[in-house]
Amino acid sequence: MTLGRQLLSGTALIFIALLVGIEAIYVASARGNLENQLDAHANETATQLALSIGARMPVIDLSLINIMVSPVFDRGHFLSITVEDPKGEILFARRLDRRTTDVPAWFTGLVTLEGPQGEALITSGWRQLGRVLVRVHPEYAYRQLYDAAIATLAWLVLLFALALVAMRLYLLGILRPLKKIEETADAISNRRFVTVDIRPRTRELQSVIAAINSLSGKIRDTIASETSRAERLRHELYEDGMTGQLNRRGLERSIESAIGENGDVHSGTLALFAPSGLEDINKALGVAKGDALLAGLAAAMAAPAPPILPLVGRWHGPVFAAFLSDVSDGGAREWAQSICASFPAQMRSCGFPFDFALSCGLAGFGGGARLAEFAQRAEAALARVAGKGGVALDESRADAPVVDTIRAVRQAIDAGRVSLLCQKVLTVEGGHPLQMEFMSQIADAGSAPIAAGTFVPIAAQLGLLPLLDRKVAEMVVAAVTRDSTLPRTISLNVSLQSVGDASFRAWLIQFLKDNPAAARRLVFEMTGAAASKSLPLTHQFAAELRDAGSRLALDHFELDRGAIATVHDLMPAYLKLAPAFTNEICARKDVRFVLEAMLRMLRPLEIPIIAQGVEDIALVPVLKELDILGYQGYAGGRPEPLPTF
Amino acid sequence: MLAKGAAACGIIALIGTGSAQQPSELGFSTRVSAMLAAKYAERFGASTVQRIGRWKTFARERKGFSPTRVFETPDGHEAALEMVNAAINDNVTWKEDREHWGAEDYWATPAELIGSAGGDCEDYAIAKYYLLKELGVPIARLRITYVRVLNLNGQAHMVLAYYASAEAEPLILDNLVPRVRPASQRTDLDPVYSFNDDEIRLVAGGRRGKPSEIRNWIHVQTRLAMEARI
């Protein structure tokens, strides 16, 4: 029961007690007044009768008494009128046999109203002839008392209702800050460390708000400081200090993530730029000038030239790389030529005193290509023009998937030749099953499986991922419903392409709502990079999933730019660290520092971490040290066709 | 003067056979404290204390005195009543309300009447009523009675009537005549209305009745209660 309701019912009870008390006092007082009136009435009537009887007869005359008493009695106000002789013998009496009253019995039972008796002496001269005893009928008084009691009660009930309404409004005013505090408390328990921005007049609430704000603020400060620390370490690890662009490691990681199985880049070009004569410049003008040249080059390369949005990093020494996604060879060559022509001229016009040539090697790639392969081709192309200036394009782009493969993928998905693989996720502590991740696998017409690395990029290019994800979701829900031995938490992947498809989302949410028991167990995983790329969309998808009972998590999580903001915004069910990240933890101290900083940042948000790509069981103790909850990889078990836990 | 007729006073004990109710002692001389006497002395003069003292002594000495032989005849009643009648009549001078009390119609308490040694007919009747009650006479036999005095052009007057029994002819204690007389001998008086209800009595039905509704009588009761608290 809410505080407001408790206060209101408490007040209502007090009011009721007061009203009952007031009514009782009123009825008792009215009853007292009525009895006094009845008493006076009885005495006056007795006195009048005694005087008139005494005046009319020297001796008792019963017929005369009858004539005098009956008209008075017949007015109906009296229960009895009796005339006694001086010794107390009854000479004459009139009585009403029964009390006729239309007042409810409960009232007459509750409130007793005696018909009082009046008495007067009948005298004739000095002689006492007897007494007149008059007892008043309480009927009229009862009626009057009852009507007054009911009217008073009605007024009191009306006042009670008005008082309750007033009390309700008053409480609403007083408790409004409490509502705000409750919302904040809810937000904090959902790990959103917000503050209460009102200042109530109630002193106690002020203290509560101050405490909440202070606590929330401290946690927020901690998160902020850990975030900036993680950010700084990430910067040191993945970015080039001189130019502010990515370093080789950062660039490679980004490219691999973009073109990998979970990425969304399926073709493009890698461009390597190198200015000539840098050593001479350094010698002649100093290293600072040389560095300024390189910084200028990096900036020129990174400048967006729609539709080209280059991802720039330092390759090695004076060589800078630009990764151009979804660009044709011709478009890439044009772009490279324009930089090679304009950059030296631009430097000269800015007063750079040394002439130099800018050379560029280009290598295009298609679906399924590996970075090492096309980087090598780009380097070879650059070597051809190094020192001379100009652009060289390596034409030996790996073949696009053959038409047969494309047709096979399309047919497999259309025909529903999709099967599920599942992989256990185990707890670091004790190796217990934590969850089960389901992955899809497709087969060609001859039932031979097509490798995920092959079919996912093709399916993505064909726009078939929503269809595939839908099929997988249906199969997973069926499996979860069928197999009671599965772990409680079931995870499955969902592509950005599917999330961006409104009809897929609508179908999925409805499907989950139709299968609420299974939905509560499902966690949909998006890659960290995909979520960062379309944060508002992902945010909306997460809210829709929550509404349907499921949750969203991020996998292949790396400390890219914006990754931390993504986590804060989405508050995912958990994070799965990218295999590349996991495998460097042991090998590289700096990576480990970054991870530790990230874990410290995540701790107040209570987001569990799972390491992906754990191939070696020896890594598990390290994960334990780092307070990582679970792990997934060959060390815990390969993806298998059917779950047997 | 209050000592007059001491021998006859035992009648009071004779006729005073008890009521079932504990009678109220308001109006009794015993309820008049020294402080009240002193207070009335400031109002009525120094001799007030003395007069009140004599009244208290008179009542105390005659209360419960029971020389039954004196009162075995109806004449005995008369003698006892004579004593009380004379005690009040002789110690109080008749004075008009306006002159004595400064009010149009003022009913004095016994202490006021005796303390001021003055009053009019109802003050006499009231004082006699309470003195007889204090000495033990059941109030059922006593009735303060409004009368018209026929030989004074029907002037309103008040006397105390004593009924030996309900049917009996009453004896009249009056300040206009020095002796107690049977009603039949008081042809100059025409009785109009009588009362005596200072007693709280049980009436049929079990609830308590209440004193007379007569306004002046209620005022007397109120003042008696106030006097008893001083």
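Chain naming here is simple, since letters A, B, ... match the order of the sequence lines and numbering starts at 1 in each.
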Residue part contacting chain A, namely of B:Ser194, when any heavy atom lies under 4.5 Å = side chain
Using a strict cut-off of less than 4.0 Å between a Lys/Arg side-chain nitrogen and an Asp/Glu carboxylate oxygen, indicate whether A:Glu119 and A:Arg131 qualify as a salt bridge.
-> yes
B:Tyr106 and B:Glu112: side chain donor to acceptor below 3.5 Å = yes
Measure distances from B:Ser184 to the heavy atoms of chain A and classify the residue's part below 4.5 Å as side chain, backbone, both or neither.
-> neither
With a 3.5 Å cut-off and no angle check, do the side chains of A:Arg94 and A:Ser70 form a donor-acceptor pair?
-> yes
Largest heavy-atom contact set with chain A, pairs under 4.5 Å, which of B:Asp190, B:Leu189, B:Ile172, B:Val192 = B:Ile172
Pair count under 4.5 Å, heavy atoms only, with chain B: among A:Leu121, A:Thr123, A:Asp85, A:Thr47, highest is A:Leu121
Do we see a donor-acceptor contact under 3.5 Å between the side chains of B:Tyr162 and B:Arg141?
-> yes
Flag for B:Asp123-B:Trp101: side-chain donor and acceptor within less than 3.5 Å | yes
Contact origin within A:Leu51 toward chain B - heavy atom pairs under 4.5 Å | side chain
